[in-house]
Amino acid sequence: MNAGTKEPLLQPTLRFHVPEPKARPGHAPDFSNLVLPVAGAAPRPPVNASAYDTRDLAGDLIRVLNDDGEAVGPWRPDIAVDVLLRGLRHMMLTRVFDERMLLSQRQGKTSFYMQCTGEEAVAVGQASALDSADMLFPTYRQQGLLIARDWSIVDMMCQVFSNSHDRMKGRQLPVMYSSRDANFFSLSGNLGTQFSQAVGWAMASAYKRDRRIAVTWIGDGATAEGDFHYAMTSAAVYQAPVVLNVVNNQWAISSYQGIAGGEEATFATRGVGYGIPALRVDGNDFLAVHAVTRWAAERARANLGPTLIELVTYRAAPHSTSDDPSKYRPADESSCWPLGDPIERLKKHLMHIGAWTEGEHTALREEVAEQVRTAAKEAESYGTLGQGPKHDPATMFEDVFREMPWHLRQQLEELGT
Amino acid sequence: MNAGTKEPLLQPTLRFHVPEPKARPGHAPDFSNLVLPVAGAAPRPPVNASAYDTRDLAGDLIRVLNDDGEAVGPWRPDIAVDVLLRGLRHMMLTRVFDERMLLSQRQGKTSFYMQCTGEEAVAVGQASALDSADMLFPTYRQQGLLIARDWSIVDMMCQVFSNSHDRMKGRQLPVMYSSRDANFFSLSGNLGTQFSQAVGWAMASAYKRDRRIAVTWIGDGATAEGDFHYAMTSAAVYQAPVVLNVVNNQWAISSYQGIAGGEEATFATRGVGYGIPALRVDGNDFLAVHAVTRWAAERARANLGPTLIELVTYRAAPHSTSDDPSKYRPADESSCWPLGDPIERLKKHLMHIGAWTEGEHTALREEVAEQVRTAAKEAESYGTLGQGPKHDPATMFEDVFREMPWHLRQQLEELGT
Amino acid sequence: MATMNMAQALNSAMDTMLARDPDVLIFGEDVGYFGGVFRCTTGLQQKHGADRVFDTPVAEGGILAMAVGMGAYGLRPVAEIQFADYIYPAMDQLVSEAARLRYRSGGEFWAPLTVRAPCGGGIFGGQTHSQSPEALFTHVCGLKTVIPSNPYDAKGLLISAIEDDDPVIFFEPKRLYNGPFDGHHERPVQPWAKHPASDVPEGYYNVPLGKAAVIREGSAATVLAYGTMVHVALAAVEETGIDAEVIDLRTLLPLDIDTIVESVNKTGRCVIVHEATRTSGFGAELCALVQEHCFFKLEAKIERVTGWDTPYPLAFEWDYFPGPRRVAKALQRVMEP
Amino acid sequence: MATMNMAQALNSAMDTMLARDPDVLIFGEDVGYFGGVFRCTTGLQQKHGADRVFDTPVAEGGILAMAVGMGAYGLRPVAEIQFADYIYPAMDQLVSEAARLRYRSGGEFWAPLTVRAPCGGGIFGGQTHSQSPEALFTHVCGLKTVIPSNPYDAKGLLISAIEDDDPVIFFEPKRLYNGPFDGHHERPVQPWAKHPASDVPEGYYNVPLGKAAVIREGSAATVLAYGTMVHVALAAVEETGIDAEVIDLRTLLPLDIDTIVESVNKTGRCVIVHEATRTSGFGAELCALVQEHCFFKLEAKIERVTGWDTPYPLAFEWDYFPGPRRVAKALQRVMEP
Ligand SMILES: Cc1ncc(C[n+]2csc(CCOP(=O)(O)OP(=O)(O)O)c2C)c(N)n1
Ligand SMILES: Cc1ncc(C[n+]2csc(CCOP(=O)(O)OP(=O)(O)O)c2C)c(N)n1
Ligand SMILES: [Mg+2]
Ligand SMILES: [Mg+2]
């Protein structure tokens, strides 16, 4: 046997542990592991707090909206109603956009799609607390960032359809957007890489005495990649102006967050381990998300260094159109998620403060649906993966390098023949 | 410019921070950043403590030996005098071994050497608290582990000399030992890789219902590698029976521990971030090192999961024979290290308890010196890198694979001609 | 005997080895309860237990580090990397550790791990779900690299890989999981059931590493291929009517040089086909070896038909894929007098 | 003009670019205050400030991630990987990110980074301080790979690499830092001062990427080499008396195919030399290209002289190193009628 000398001892034999979610298909959903403090209970430290000062917050859950839709406690943000209304619209637009693209995928207009259903408050709420000039390094599940920045949804659809107007020239997997104009970094298919790059971008911005901070996202599952560690280490060492977000939506394809180590310590607690102030927030509470993001962005802008935010939410949809979650989690788990639906919760708050009515809500839903319909029509007129115009296949050889070297020119010729 | 839209805001311009040690060559050594609690002050939690329970200990420093050489406080181990005497001998032997090999390198008998001067209590003290059947995954600076396991120093020297008796057949850089019989894993030149492998070994041991735990070491500098993160994550997730040690000897070649993030949070604190109980210990205090290691090993053996230990020590010698630390740190920094010399401190304790005399100490020093001289003579008789017998160059083609494939046989023939 | 597609054959190989050898463990992202995103490990956790078949954190470097440690203990870990495109974070553990352990320890420790990873394009996976990085691993001494082209070989080779005491990188052309794809994407998908290599024994057997298979005998030219390209090459041969010998390499390293040399010495003409990018692809090594061993027999320059030196572009997958038309042209070129 | 060894020339290149372009930053393990373990960045932090030349955590993946992010902002990061052997933890950031960013973003973002890494053996560094992994990077589309052989080229090529808008992997043969080593390890070390290429302008100039240099004209055979092997090849040519043309490739990708083809078409014989392991080394690609482009002119099989397919063994460094004796034999073999 390929092992060293073996001397039996008197201790018990050893075991290792494979974490298992509390419920699998056929069981009743069980979120009893999720401790839910009442809204308003978490203290709000000053923005120059140290990591040490945040160590309890990192294990806690910052909540602002209570069950009545009232905003309570020290984290309750000073926020204008129209910011909230914009947020509501953007979340609803994101959801309808996702629904439409899912349908398009089923219709063969694209090969693949990824929804962010149930997580809209993450991207939209965070965007509402950032400057539009701040640079975003997201994952594939923050399409809401582009929408919250009023980026053209026609443009996004063109990417999803890989059509003649796709600025990524049909090269990228659907949803792997890039928008320099929206300060939205090119998405990568490789998990985690953007997290550490964001720190480099933030350092560059700082080096240039710029004022733009970097903001980045990673999934609970992908925190296990080396890039998470690189980001945390370099952000701490160089005190880079960056906001580091972990979107804990409970699942990484079929693996629940315990497989990423989420049961041994919250993901926010990782931050404290590196000396980075860390907050854990109800990710379906638009106001709480806005508040913690603003806190972190203020820190970064004041040269107080990085912040780690864990956003606790739930991936209500399948991982992607290639996935079938009924194979690994209870079919009704999503509807039992204790933090509810971010759109419903913000709607309730707006109605609670008298700024919104059911009628306005219905009208808005119709309006965004119409917006998406119109956009889809336009985007489809530029082609889809299934049919219609596309870029010239010859463009495949462009942008590998800034200038095409001889061997690619030769291969382009070969393609032609 | 390759960047997004730039909108000047009203915030101050950004900066990043490049950590700098408090003293460079020409300055007076300055260890004022190192907080030294009095010996005996740190509490000792039960071995089934949670990571949360250890979060203060992870920022603190566990010390047992006070300035008088007295062992005090709850971490004072119940340890037999002959274990201490063996430890003293092994530390002294390690130091003399290092001195001799350094000399050999200067004499051209080998190309390279790495000392562990000042850090002897780490390897020797930890080995004294482990079972000989436990598997060790060390770095290049824990030669003391082999010595503490009474491994043949002739064998070690043969490796350093790459001679005819080198079990690594002249292939490896000097000090990259491997000893299956001593349960000492083959050293790698690539930093950090052993840390995550140790978790896999520990899981294998657990899977086989074995009783042997894995113990691994990494330097302060190398904690920044992805493997540190992989190890921490998988050890936490699978609750593997492994002891994870960070040897914080203040330097990673010319970079002080602040460049690895040691100023933002202690390395032990990283452990708490993953939900792994973590202890920070005076690494030059043999008794404290023994005590925390025993605590961690007990946890592992009782299936209570991993422990992270940060051992605070000082790399008194150059990084390697290729290094000249006077280029980047004050020449007398080593002599100002507040935690002293581990050998002197254990000697003082032994004299304090009346188990040791100056005379015995002098005699022991002479004895280990003689042991090393004799061993060196024998090892040199088997050849050195500079001259004398070596393995056959043809062995170069062996062990690439278990069986030599045709292309290596062909290359072996080419070599012959 | 049962009729299996390639995913089923791989599942059967793992099932067989789990039952046969208690030291075999299987792990990777989503391989446990769920059974893998390509369903290759379906049912194995349920049958063999969660301490033998389990999910890992999303950290390829960590997965292979774990495998090296387990291998050093004496187990036979079989790790899945969800897509070959995601093997790079594990590169150091493969190159510096798995591949070097036996050598650097003078034979004291070794890493008998098997790394399974789906490779290749043809499923609209875009540039990060379509790569064929096999050439990189063939340059790393100490690693073996295997790529099967059909269910029978897949099971037999995977069993050999698991039993092998060296680290083996086992690439599974994902476009072949369900059928013998010959590159004619416009035609209806063929299931494996109609192909003789879908007859797979249910129990233990092996196909040795390091042995190529002559899939089609011929005298006019030699086509060297592996994985999906074997089927593409066969289609091209059929369509051109050129009596070419088609060799399925199966193992890239160690390579079955004898079978190659014998064939090219016979035919005097050689076409090399792979889906990976061309420059420094494994075709370069094959080309070098063929000209080294058969220089005076060669009657035409050796042709390489490969993926272009660009990322795999989603919408232009079929312009990128080296399909039968391109292979046919190369065959015709080498036949020019 | 000043007399510089290769380390000094590289230092001068970085110094020049730091002074010329405020967007150039230099970082890596030990490159800051200390000036790098091979002293290539000595004095640069002191001269240009700690926010432009600084130490990094020991995390190659983190270093290159930082570089990609900085590059995307608009800076020109120059990152040092302390030894080429330690580039593997950064593989994903190089392959999946730096190399792909321009392509996947449709040209919106790019990563104009330069990665410097000492490569090659000859200093008793053992298997983890001696590797030459250049072939791996030539297989990754989107990366440029450069290896200089002398101080003049080193400075001029490094400046071109820093100014280039694509990611460039810049390997520095560490055995050449101090002198033009020709493989005769038993002879006294020659300093660069005696070599004409140690005449290096103090200010700005460049040597373009993608252009090889004919180091010695000849008509009997062509030797393709780069880095240290250029000097070994020259020694072998001298010693055999064979009138070979010696080409220093300088850039492996994009390759200067025209210079190669012109020479081989003239000589009809070709020897390829590199220090890296043979199988799937860059020599394989060169061999494939030469036979593709010069098939009907070739009068002898192309020979490869390379490191063996084993790790670099410490005590047998000189048995491993492809020295002038082995190159000479290959030259003689290709000259056989
Ligand atoms: C390096 C790498 N490894 C594996 C994958 C395959 N993969 C894609 S998404 C995913 C799960 C990610 O989960 P999480 O980070 O929690 O993000 P979520 O999908 O929940 O938003 C995996 C394993 C990948 N894309 N990249
Ligand atoms: C992957 C890798 N990167 C870089 C190096 C070069 N290197 C060797 S030792 C060292 C410093 C390590 O410092 P630390 O981890 O603190 O250990 P110490 O030497 O202080 O014991 C470096 C950067 C390496 N060996 N491996
Ligand atoms: Mg998730
Ligand atoms: Mg250190």
Side-chain angles (χ1 to χ4, degrees), chain A residues 1-4 15-16 18-21 24 110-112 162-163 166 168-174 176 188-192 219 221-228 252-256 259-261 322-323 327-328 385 390-391 393-400 405 407-408 411-412 414-415 417, chain C residues 23 27 29-37 42 45 49-51 53-62 71-76 82-83 85-86 88-89 108-112 123-129 165 278-279 305-306 308-320 326 329:
Chain A
M1 203 178 73
N2 184 10
R15 307 272 158 147
F16 72 88
V18 179
E20 228 346 79
R24 287 292 195 186
T110 181
S111 56
F112 179 82
S162 303
N163 66 19
D166 171 15
M168 268 112 270
K169 304 182 191 169
R171 294 171 188 159
Q172 271 280 49
L173 203 65
M176 298 288 165
S188 176
N190 292 60
L191 292 169
T223 59
E225 292 285 3
D227 283 297
F228 177 78
I253 312 186
S254 75
S255 301
Y256 86 119
I259 291 290
S322 311
D323 181 42
K327 288 244 163 58
Y328 52 79
L385 186 66
K390 281 198 192 47
H391 283 274
T395 58
M396 169 164 73
F397 295 94
E398 293 168 7
D399 299 325
V400 180
H407 64 286
L408 285 175
Q411 292 177 20
L412 169 57
E414 272 185 62
L415 172 72
T417 61
Chain C
D23 289 342
F27 48 91
E29 297 158 16
D30 302 296
V31 308
Y33 184 90
F34 181 53
V37 298
T42 312
Q45 181 182 78
D51 62 343
V53 182
F54 54 88
D55 288 343
T56 60
V58 180
E60 292 74 15
Y73 181 94
L75 304 187
R76 296 201 174 276
Q82 199 161 82
F83 287 86
D85 317 58
Y86 302 141
Y88 308 113
E108 277 199 338
F109 296 99
W110 57 97
I123 60 152
F124 282 104
Q127 60 174 348
T128 57
H129 302 89
D165 283 334
R278 180 175 306 172
T279 300
V305 183
T306 69
W308 308 119
D309 283 329
T310 78
Y312 220 116
L314 182 94
F316 309 114
E317 180 149 301
W318 300 121
D319 302 287
Y320 184 92
R326 282 174 56 204
K329 293 215 174 196

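All values reported here derive from a predicted model rather than from experimental measurement. Chain identifiers are assigned alphabetically (A, B, ...) following the order of the sequence lines, protein sequences preceding nucleic acid strands; residue numbering begins at 1 within each chain.
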Part of T56(C) within contact of chain A (heavy atom distance under 4.5 Å): backbone
D55(C) vs Y256(A) side-chain heavy atoms within contact, under 4.5 Å: no
query: Where does S322(A) contact chain C at under 4.5 Å (heavy atoms): side chain, backbone, both or neither?
result: neither
query: So, do E414(A) and W308(C) sit near enough that their side-chain heavy atoms are less than 4.5 Å apart?
result: yes
message: Is L191(A) close to chain C through its backbone or its side chain, or both, or neither, when contacts mean heavy atoms under 4.5 Å?
response: side chain
- prompt: Taking C-beta and beyond as the side chain, do T310(C) and L408(A) meet within less than 4.5 Å on heavy atoms?
  reply: yes
task: Let me know if D165(C) has heavy atoms under 4.5 Å from chain A in its side chain, its backbone, both or neither.
output: neither
- request: Check step by step if ring pair (Phe, Tyr, Trp, His ring centres under 6.0 Å) holds for Y33(C) and Y328(A).
  value: CA-CA 7 Å; Y33(C) 184 90; Y328(A) 52 79; 8.0 Å; no
statement: When the 4.5 angstrom heavy-atom criterion is applied to Y312(C) and chain A, the contacting part is backbone
query: Is the closest side-chain heavy-atom distance between E29(C) and I253(A) below 4.5 Å?
result: no
query: What pair of heavy atoms forms the shortest contact from P311(C) to V400(A), and how long is it?
result: CD-CG2, 4.2 Å
task: In sequence, state the C-alpha distance, the side-chain angles, and the governing distance for K390(A) and F316(C), and then conclude on side-chain contact (heavy atoms from CB on, under 4.5 Å).
output: CA-CA 9 Å; K390(A) 281 198 192 47; F316(C) 309 114; 4.2 Å; yes
message: Please rank G261(A), P19(A), S254(A), A260(A) by heavy-atom pairs under 4.5 Å with chain C and give me the top one.
response: S254(A)
- line: Heavy-atom closest pair (Q411(A) atom, D309(C) atom, distance to 0.1 Å) is OE1-N, 2.7 Å
message: Using heavy-atom distances under 4.5 Å, tell me whether E60(C) contacts chain A through its side chain, its backbone, both, or neither.
response: both
D323(A) portion near chain C, given a 4.5 angstrom heavy-atom threshold: side chain
Spacing of L415(A) atom CG and R326(C) atom CZ [to the nearest 0.5 Å]: 7.5 Å
query: In chain order, what residues pass the side-chain contact (heavy atoms from CB on, under 4.5 Å) check against S111(A), with sequence neighbours excluded?
result: P174(A), L385(A), F124(C), L314(C)
task: Could you look at F397(A) and say if it's the side chain, the backbone, both or neither that has a heavy atom under 4.5 Å from chain C?
output: both
- request: May I ask you to name which of F83(C), Y86(C), F54(C) has the most heavy-atom pairs under 4.5 Å with chain A?
  value: Y86(C)
Max heavy-atom pair count under 4.5 Å with chain A, selected residue of P89(C), A59(C), G32(C), G35(C): A59(C)
- request: Indicate yes or no: at least one non-hydrogen side-chain atom of F228(A) is less than 4.5 angstrom from one of V58(C).
  value: no
